[in-house]
Chemist: 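Sending over a structure as structure tokens; questions will come in a sec.
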Amino acid sequence: MSQYNAQSIEKKWQEKWDTEKTYKCNNPGDKNFDSSKPSYYVLDMFPYPSGSGLHVGHASGYVGTDIIARKKRMDGFNVLHPMGWDAFGLPAEQYAIQTGQHPRVTTEVNANNFRKQLKLLGLSYDWDREIDTSLPEYYKWTQWLFLKLYEKGLVYQKEVAVWWCEDLKTVLANEEVINGRSERGNYPCVRRPLKQWVLKITEYADRLLSDLDLLDWPDHIKKMQSDWIGRSEGAEIDFVVENSDKKIRVFSTRVDTIFGVTAVVLAPEHPWVKDLTTEAQKTDVQNYLNQTSAKSERDRQAEVKEISGTFTGSYAYHPLIANKKIPIYIADYVIADYGTGAVMSVPAHDERDYRFAKLLELPLIPVIKPDGIISDIECFTEDGVLVNSEIFSGLKSSDARSKITTTLENKKLGSKKITYKLKDWVFSRQRYWGEPFPLSFDESGNIIPTPESELPVVLPEMKDFTPSEDGSSPLARVQDWVKYTSKAGKSLERSTDTMPGWAGSCWYYLRFMDPHNAKEPFSKNAISYWKQVDLYVGGTAHAVMHLLYARFWHKVFFDCNLVPTPEPFKKLFNQGLVTAFAFKDSTGRLVVSDEVENVEGVYKRKSTGETVERFITKMSKSLKNVVNPDDIITSHGCDILRAYEMFMGPLDDEKPWTDDGLPGCTRFLKRTWNLFHDDSGEIRKNLLRSASVTSDFTADQQQIEEAFHKCLKRVNESFVNFNFNTSIAAFMEYLNDISGKVDQMTTAQGENFLRILSPFCPHIAAELWEKTQHNNRIDFEKWPELDLKLAEGSTFELVISLNGKPKKRLKTQRGSSSSILEAKALEAMSDLVSKDKIIKTVVVPDKLVNFVVKS
RNA sequence: GCCCCGGUGGCGAAAUUGGUAGACGCACAGGACUUAAAAUCCUGGGCUACGGUCAAACGGGCGUGCCAGUUCAAGUCUGGCCCGGGGCACCA
């Protein structure tokens, strides 16, 4: 056999790895655990096993982490590289409902398909650690950990105006609603008061923000998190209402503008609106309230530019100006659940207040002047110098803020305050497919946590698990599950809500450390060895929700002494989305890919010949532009697909999939195969382990050695930023460099090449390793040591330039002194420059000589 | 509107601290092998209404979105602008 047959090699090795458990990762305490090795935990964001399976986009991230895991093994680490299923949650349930099956069944079928696909990619997971968040042996510990949050007082029940999605028949978290529509399915959502379980994530807001500094994460992700947390420093100020004992509390970051206040504005939902409305204004206010509540939340957000509001008839006293009365308004630009739901309106220095004042013809009182420059802007929103502000006039904005706040504190009319955009996390869902809460109610309505001995609270089997019309949870229909008698003999009723899909993923990375522990979520032993995730790779889609929630839970565990680190994911890397081409016609209607043909660079609809426009978008079933890795593996091979996905570009770049580059990688692996085989298809004798060794390198062997170290240098460098495209390029270059010299190649040189190839293309490397008489596994071979001298070579091309423009090149010994370089360059340039015209010479050793001449 | 990231050949892309722009591939063109094709191998290439020449070799000029600046030297640094992608969006 001589031809490179990817499929048979890959099948052989995948079966071997499976039965041999080559990539099994031992824990401290296990028989084969090597405690002398340091740990490395590299994790993919585990998938929700969808019905459509993996596409080539998922594969690129998984291949990337696999390359890193394999390299780390060769660097002598114990590598934890696991995979599992994020199986609970809305998408799984929606899919089950659509296909008329039970989610338990679809989840299993889909997971089987995913596992099969992942194995076809040759990924070196320890499959013994596979987990499924929807199995009782897993969610028992989700419930157990939830009770830790409960014990810490971080769980409460509250009647809150929550996002309700009529189509999904459930409550959604703030993070799950985008512009008034559900993130999943894009259905309209409305605000609705419902009693819900809520987690006090706001108690951790400050730490979630400041601990971002500890993390090696991409800046844009950190920024998205800090924007979401939305910390702002300011003050709360009380405005005493005229003829009343009420004080309206407002929040402002611009206390320095307080002397410019011309109105106090409440959100329409503010609880005091009714009380503050005078008889004369009653109709106006009622009309306005009707008008705003009729607007759906979505409309309110869409009409950002339009401002509206009305007068309540009441007045409040300015806290710092004696006897000055300020009118009280209501307006829907003020948000009820941010800050205090009320603001002091300073039209001269705030954009929205300005528009509001223009609309209602309120006066402008400028109290801040730009520092230095004269400006005639009516609404100046930046910091400056105070004017017209009694004793504070002349102060800079920042100084004025602290001085005025102190004055207000002394008068007991205000205080420093930090406000967050982050809200507490609405944690219950009125759906079936999730973890039941380990909480019950006794006859007087007290909350009774389920004792550990009675965990898990098993999700009851239901034939019809569709959401209820009235918004109550489907579990409420399982009466004999809801009502039960506790071991202590009390008759109790269970909470019928389930946890959101995020619950399982809040701690799965910890379970992977000790996945079969029946006594605890993870052992002290395991967590103190693995500590935290060293490298976490996934798409940017989870930048806010999953990553914020998991950090929150982890911090609670840290406070409970369950984990040794304050953060779960040390380094985060965002793999770029692999997109695909799609087509639309002149009316903007989508045209499925298989109806389109390329006629000399113009895309046309096959049936009509009409020109269509190509654009780039996510892969989706409906556009028929999903590319499945299985197909490429069948037609080309897994190693070829792996090499190509990496060769397409840096791992964090977004890129559209095309087949165009596949032939290049196919040739690359064929050439690799042929490197180890002679023309008759026999394995080359000089590369066998038993080949005789000569003491000195021939000239060719020396060149092969230099080419190898040049290649190794680039491959090593690609592990810094995961731009593995340059690794593949370096391999190809190596093959070009040594072509014609392969008869001379030594066994050790062949071995080294296979070693550094193996993380990228593990099957062909394993096969050639075996064929060259090695009976161990290449996967645990030591990664070769770089010899920088060899990598750079003994000579270089000296560039000689004139006024910065390269003119000549000279092969030169590396390490030559500046004076030698200058002399050589001068001699070489004698036909172009005479020495007396040179006004300056710049010499960069091992690089170039530049002569500057007068023009 | 605000914030972040990016813009390099026909295409995907590469390029330490500023120091040979276009590595490595794809596609393309020419050649070798072949009855032929596939496969394989070799060769070529940024652009140029410049000089040169029958043609070429060769030489010049211009080139990393645009304009300016710093520098002996700019894809890389600085300022302004244009385009594309992403995030946030009445958060007081």
Side-chain angles (χ1 to χ4, degrees), chain A residues 3 178-179 218-224 227-228 230-232 234 250-254 257 265 267 300-307 331-335 337-346 349-353 355-356 381 419-423 540 543-544 577 579 601 616 643-644 647-650 652-656 658-668 670-671 674 713-714 717 720 723 725-736 739-740 796-809 838-844 846-853:
Chain A
Q3 292 293 303
I178 297 155
N179 287 333
D219 285 340
H220 70 279
I221 303 288
K222 286 193 189 182
K223 193 168 181 305
M224 282 167 78
D227 281 353
W228 189 265
R231 178 191 151 105
S232 52
V250 304
F251 172 72
S252 175
T253 54
R254 292 297 304 274
T257 65
V265 187
R300 241 171 103 169
Q301 290 188 1
E303 291 167 24
V304 165
K305 293 284 167 284
E306 264 179 58
I307 208 148
D332 68 0
Y333 79 89
V334 179
I335 300 163
D337 50 11
Y338 179 75
T340 59
V343 302
M344 60 178 209
S345 181
V346 186
H349 304 293
D350 181 279
E351 196 65 43
R352 294 148 308 188
D353 294 344
R355 282 188 281 128
F356 186 66
T381 58
T419 300
Y420 298 93
K421 277 201 262 182
L422 183 70
K423 312 223 169 75
T540 183
V544 177
L577 202 63
T579 49
I616 291 170
Y644 178 55
F647 191 56
M648 281 169 71
D652 48 353
D653 276 10
E654 179 171 312
K655 53 218 158 227
T658 66
D659 291 347
D660 296 347
L662 271 171
C665 289
T666 308
R667 283 179 202 131
F668 160 55
K670 277 189 187 168
R671 291 178 70 192
N674 292 337
K713 182 167 182 277
R714 296 184 63 191
E717 283 162 359
V720 177
N723 48 342
N725 51 327
T726 61
S727 295
I728 306 294
F731 291 138
M732 290 170 170
E733 216 170 334
Y734 173 74
L735 293 186
N736 292 342
S739 74
F796 73 101
E797 284 227 308
L798 177 72
V799 174
I800 307 163
S801 48
L802 206 58
N803 291 336
K805 284 191 177 141
K807 295 289 175 189
K808 293 195 175 173
R809 268 138 228 192
I838 297 169
I839 53 175
K840 189 176 177 180
T841 306
V842 180
V843 182
V844 182
D846 291 353
K847 282 248 162 72
L848 58 79
V849 175
N850 184 26
F851 295 116
V852 186
V853 294

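Small disclaimer: the values here were computed from a predicted structure and weren't measured.
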Chemist: Taking the side chain as every heavy atom from C-beta outward, state whether A:Thr726 and A:Glu717 have any atom pair closer than 4.5 Å.
Modeler: no
Chemist: Would you name the heavy atoms of A:Ile307 and A:Phe356 that are closest together and state the gap between them?
Modeler: CD1-N, 4.0 Å
Chemist: If the cut-off is 4.0 Å, is A:Tyr333 near the phosphate of B:A92, judged by side-chain N/O to OP1 or OP2?
Modeler: no
Chemist: Atom NZ of A:Lys655 to atom P of B:C11: distance rounded to whole Å?
Modeler: 19 Å
Chemist: Could you give the NZ-to-P distance, from A:Lys223 to B:A89, as a whole number of Å?
Modeler: 11 Å
Chemist: With the side chain of A:Asp653 defined as its heavy atoms from C-beta on, choose the nearest nucleotide among B:A13, B:C72, B:C90.
Modeler: B:A13
Chemist: So what's the dot-bracket for RNA chain B: Watson-Crick or G-U pairs under 3.5 Å, [ ] if a pair crosses, | if it pairs off-strand?
Modeler: (((((((..(((......[....))).(((((.......))))).(((.((......)))))..(((((..]....))))))))))))....
Chemist: So if I take every side-chain heavy atom of A:Lys670 and compare against B:A15, B:A92, B:U40, which nucleotide ends up nearest?
Modeler: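 Side chain of A:Lys670 sits closest to B:U40.
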Chemist: Rounded to whole angstrom, note down the C1' distance from B:A13 over to B:C26.
Modeler: 11 Å
Chemist: Evaluate the side-chain proximity of A:Arg671 to A:Asn736: yes if any heavy-atom separation is below 4.5 Å, no if none is.
Modeler: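 Yes; the side chains approach each other to less than 4.5 Å.
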Chemist: What about A:Lys847: does its side chain form a donor-acceptor pair under 3.5 Å with the base of B:U17?
Modeler: yes
Chemist: Hey, does the side chain of A:Asp350 reach the backbone of A:Ser345 with a donor-acceptor pair shorter than 3.5 angstrom?
Modeler: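 Flag not set: sc A:Asp350 to bb A:Ser345 has no pair under 3.5 Å.
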Chemist: Please state the P separation for the pair B:U76 and B:G69 - nearest whole angstrom.
Modeler: 15 Å
Chemist: Which atom pair, heavy atoms only, marks the closest approach of A:Ala331 to A:Val265?
Modeler: CB-CG1, 3.6 Å
Chemist: Between B:A49 and B:C62, how far is it from one P atom to the other, in whole Å?
Modeler: 16 Å
Chemist: Counting only side-chain N and O atoms of A:Ser232, is one of them less than 4.0 Å from OP1 or OP2 of B:A92?
Modeler: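 Answer is yes, contact under 4.0 Å.
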Chemist: Can you give me the closest heavy-atom contact between A:Glu654 and A:Thr579, atom names plus distance?
Modeler: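 Distance-wise, the nearest heavy atoms are OE2-CG2, 3.5 Å.
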Chemist: With C1' as the reference atom in both, quote the distance from B:G46 to B:G22 in angstrom, rounded to an integer.
Modeler: 7 Å
Chemist: Classify the angle between the aromatic ring planes of A:Phe731 and A:Phe668 as parallel (below 30°), tilted (30 to 60°) or perpendicular (above 60°).
Modeler: parallel
Chemist: Considering all heavy atoms of both residues, which atom of A:Val346 and which atom of A:Asp353 are nearest to each other, and what is their separation?
Modeler: N-OD2, 2.8 Å
Chemist: Verify the contact: side-chain N or O of A:Lys805 to OP1 or OP2 of B:C62, cut-off strictly under 4.0 Å; return yes or no.
Modeler: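 It does, given that an N or O in the side chain of A:Lys805 lies less than 4.0 Å from OP1 or OP2 of B:C62.
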Chemist: Which sits closer to the 5' end of RNA chain B, A:Val799 or A:Met648, going by the nucleotide each is nearest to?
Modeler: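 On the 5' side of the pair lies A:Met648.
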Chemist: Quick one: A:Asp219 CG to B:C88 C1', roughly how many Å, whole number?
Modeler: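 It is 17 Å, rounded to the nearest whole Å.
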Chemist: For A:Trp228 and B:C88, what is the distance between atoms CH2 and P respectively, to the nearest whole Å?
Modeler: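 Rounding to the nearest Å, CH2 of A:Trp228 and P of B:C88 are 7 Å apart.
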Chemist: How long is the span from the CZ atom in A:Phe647 to the CE atom in A:Met732, to the nearest 0.5 Å?
Modeler: 4.0 Å
Chemist: For a quick test of reading the model, state the closest non-hydrogen atom pair linking A:His349 to A:Thr257 and the distance between them.
Modeler: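 Answer, listing the atom of A:His349 first, then A:Thr257: CB-CG2, 3.9 Å.
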Chemist: Got a sec, which residues hit salt bridge (Lys or Arg N to Asp or Glu O under 4.0 Å) with A:Lys655, two or more places apart in sequence or on another chain?
Modeler: none
Chemist: Under the rule syn = chi within 90° of 0, otherwise anti, which is B:G46?
Modeler: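 You should classify B:G46 as anti.
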Chemist: Could you work out the separation of B:C83 and B:C66 based on their P atoms and round it to a whole Å?
Modeler: 15 Å
Chemist: Choosing from B:G19, B:A14, B:C72, which nucleotide comes nearest the side chain of A:Pro650?
Modeler: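 Looking only at heavy atoms from C-beta outward on A:Pro650, the closest nucleotide is B:A14.
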Chemist: Please determine, for the side chain of A:Tyr338, which listed nucleotide (B:C3, B:C90, B:A92) has the closest atom?
Modeler: B:A92
Chemist: For a quick check of understanding: with a heavy-atom distance under 4.0 Å over all strands, which category does A:Val343 fall into, base, sugar-phosphate or nothing?
Modeler: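 Base: the residue A:Val343, judged by heavy atoms under 4.0 Å, touches a nucleobase.
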Chemist: With P as the reference atom in both, quote the distance from B:A74 to B:A32 in angstrom, rounded to an integer.
Modeler: 45 Å
Chemist: Nearest whole angstrom, please: distance from the C1' of B:G85 to the NE2 of A:His220.
Modeler: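 From A:His220 NE2 to B:G85 C1': 12 Å.
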Chemist: Taking CD from A:Glu654 and P from B:G86, how many angstroms apart are they, rounded to a whole number?
Modeler: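 To the nearest whole Å, that distance equals 7 Å.
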Chemist: In terms of the nearest nucleotide of RNA chain B, which residue is placed more toward the 5' end: A:Asp350 or A:Pro656?
Modeler: A:Pro656
Chemist: Mind checking the P distance from B:G7 to B:G75? Whole angstroms is fine.
Modeler: 14 Å
Chemist: Between A:Glu797 (CD) and B:G19 (C1'), how many Å, whole number?
Modeler: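 The answer, rounded to whole Å, is 14 Å.
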Chemist: Taking atom C1' in both B:G80 and B:G86, what distance in whole Å separates the two?
Modeler: 24 Å
Chemist: Which letter, B, S or -, goes with each nucleotide of nucleotides 22-32 of chain B from 5' to 3', with contact meaning a protein heavy atom under 4.0 Å?
Modeler: -BBSSS-----
Chemist: Would you mind reporting whether A:Thr666 and A:Tyr644 have side-chain heavy atoms less than 4.5 Å apart?
Modeler: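 The answer is no; the side chains never approach within 4.5 Å.
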Chemist: Rounding to a whole Å, what distance do you find between A:Lys807:NZ and B:C72:P?
Modeler: 19 Å
